[in-house]
Colleague: 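Sharing a structure with you now.
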There are 2 protein chains.
Amino acid sequence: MALGKDYARQDCAVARALEVVGERWTMLIIRDALYGVRRFSDFLARLDIPRAVLSQRLQSLVDAGVLEKAGHEYAITETGKELWPVVHALARWGERHFGDRAPVRLYCHAGCGARLAADGTCPECARPVPLEEVELRPGPGAPVRDDPVSVALREPHRMLTPVRT
Amino acid sequence: MALGKDYARQDCAVARALEVVGERWTMLIIRDALYGVRRFSDFLARLDIPRAVLSQRLQSLVDAGVLEKAGHEYAITETGKELWPVVHALARWGERHFGDRAPVRLYCHAGCGARLAADGTCPECARPVPLEEVELRPGPGAPVRDDPVSVALREPHRMLTPVRT
DNA sequence: ACTCCAAGTTCATTCAATGAACCATCAGGC
DNA sequence: GCCTGATGGTTCATTGAATGAACTTGGAGT
């Protein structure tokens with residue numbers, strides 16, 4: 001399997017997780033699903049991913065119980081929501097070590113407005129912030145994408161609430 | 001790029017991170033590097049990865065500053081150590097949702113012996129556990145691999161300390 | 001029935017993963 | 001000096017997935 005989900009001989013929970021979310025594009029699909037993207041065409045517009053690959057990845061994620069399909073919408077499940085710490089940790093790491101400009105997007109506590117700490121807690125409230133209370137805000141490093149979904153996300157947006165295009 | 005590091009049009013820290021650590025095998029290499037694996041042949045034995053791919057991945061990680069090569073050893077850098085929250089979060093997620101048997105490996109606080117909570121804190125000491133104080137212990141789900149590195153890791157092992165084969 | 005559009009499939013091409021075989025370098029031993 | 005084995009790679013033919021364009025399907029509205 002060229003890039004795939006097969007770490008068969010690895011006796012390890014990390015490998016098990018990567019069989020589900022370790023393929024190319026998958027983590028970005030989950031990121032967007034956490035943001036509230038739900039429609040096939042919206043994932044397509046934001047990811048620049050071939051339709052065939054998107055179709056296959058969405059199906060895999062549904063099979064794994066990370067997404068749930070209802071009509072033409074893919075919504076993230078509880079299992080999927082529990083990937084938020086992984087996505088957040090990756091974002092902070094990428095930003096800290098490979099962010100050539102200012103952050104493009106900030107994760108804030110909707111209640112008090114403070115930016116989340118690296119460990120996902122709110123520095124103001126001194127407690128972990130549940131995903132539902134996280135608000136996406138555009139950061140100082142202006143994003144350049146101009147597809148409808150990315151444009152919609154230039155406004156502050158509560159995590160998990162469907163993105164309207 | 002088939003599976004690769006190219007998420008060029010993604011204006012996002014997650015994508016930036018995945019360009020470095022998102023390719024097949026890379027995260028497992030980092031997992032092992034955090035455990036203390038350092039030699040080419042040891043990664044090879046534990047991962048069942050083609051030599052050519054391992055060689056290329058190690059080089060990429062050195063280029064990105066995640067690993068550091070000294071002689072014939074690849075050691076993890078500070079940048080690499082900061083991926084521990086990502087690896088730990090992935091492991092807990094994989095274990096919770098896709099662990100068909102009992103955990104193969106436990107992450108414990110070397111001081112008090114308690115198992116780390118999902119957020120990386122020690123439930124006994126009620127504080128975050130620095131990577132240096134994390135101890136690997138074999139879990140109740142017996143691992144089946146019998147390469148020298150995996151065998152060595154059946155003993156309790158402090159994170160980052162070189163694995164002796 | 002007709003139109004439109006989002007969703008998804010098909011397919012030829014490209015490019016990376018795979019695994020076996022080969023090469024390079026170094027450390028002992030003779 | 002020269003053999004021998006161990007380690008750390010590189011090379012290369014093959015396989016299979018990613019890509020992107022073209023095509024098909026299915027439902028909503030009129």
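Numbered from 1 within each chain, the chains take letters A, B, ... in sequence-line order.
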Colleague: Under the side-chain hydrogen bond (donor to acceptor under 3.5 Å, both in side chains) rule, what pairs show up with a residue in residues 122-133 of chain B, not counting sequence neighbours?
Modeller: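 Output for this query lists B:His109-B:Glu133.
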Colleague: Can you measure A:Phe40 atom CZ to C:dA7 atom C1' for me and round it to whole angstrom units?
Modeller: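 Rounded to whole Å, this separation is 6 Å.
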Colleague: Taking only side-chain N and O atoms of B:Ser41, does any of them lie within less than 4.0 angstrom of OP1 or OP2 on D:dG8?
Modeller: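 Result: yes.
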Colleague: Which heavy atom of A:Pro85 sits nearest to which heavy atom of A:Glu82, and what is that distance?
Modeller: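 Residues A:Pro85 and A:Glu82, closest heavy atoms: CD-O, 3.2 Å.
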Colleague: Using a heavy-atom cut-off of under 4.0 Å over every strand shown, decide if A:Tyr74 touches base, sugar-phosphate, or nothing.
Modeller: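 It contacts sugar-phosphate atoms only.
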Colleague: In whole angstrom, give the distance that lies between atom CG of A:Leu54 and atom C1' of D:dA21.
Modeller: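 Value for this atom pair: 16 Å.
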Colleague: Starting at the 5' end of DNA chain D and moving along, which residue's nearest nucleotide shows up first, B:Ala52 or B:Arg39?
Modeller: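 It is B:Arg39, whose closest nucleotide lies nearer the 5' terminus.
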Colleague: Taking only side-chain N and O atoms of B:Ser55, does any of them lie within less than 4.0 angstrom of OP1 or OP2 on D:dG8?
Modeller: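 Answer no for this pair, as no side-chain N or O of B:Ser55 is under 4.0 Å from OP1 or OP2.
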Colleague: Closer than 4.0 Å, any side-chain N/O of A:Gln56 to the OP1 or OP2 of C:dT9?
Modeller: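 False: A:Gln56 side-chain N/O out of range (4.0 Å or more) of C:dT9 OP1/OP2.
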Colleague: Is the base of D:dG8 touched by the side chain of B:Arg51 through a donor-acceptor pair closer than 3.5 angstrom?
Modeller: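 Result: at least one qualifying N/O pair found.
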Colleague: How close or far is atom P of C:dT18 from atom CG of B:Leu47, stated in whole angstroms?
Modeller: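 Rounded to the whole Å, the gap is 11 Å.
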Colleague: Could you go through the ring-ring contact (aromatic ring centres under 6.0 Å, His included) check for A:His88 and A:Tyr107 one step at a time?
Modeller: CA-CA 9 Å; A:His88 186 236; A:Tyr107 303 110; 5.5 Å; yes
Colleague: Tell me whether the side-chain N/O atoms of B:Trp25 come closer than 4.0 Å to OP1 or OP2 in C:dA16.
Modeller: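 B:Trp25 to C:dA16 OP1/OP2: no side-chain N or O under 4.0 Å.
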Colleague: Among all residues two or more places apart in sequence or in another chain, which pass the ring pair (Phe, Tyr, Trp, His ring centres under 6.0 Å) test with A:His97?
Modeller: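 A:His97: ring pair (Phe, Tyr, Trp, His ring centres under 6.0 Å) contacts with A:Trp93.
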Colleague: For the pair made of CG in A:Leu58 and C1' in C:dA7, what is the distance, rounded to whole Å?
Modeller: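 Rounding to the nearest Å, CG of A:Leu58 and C1' of C:dA7 are 11 Å apart.
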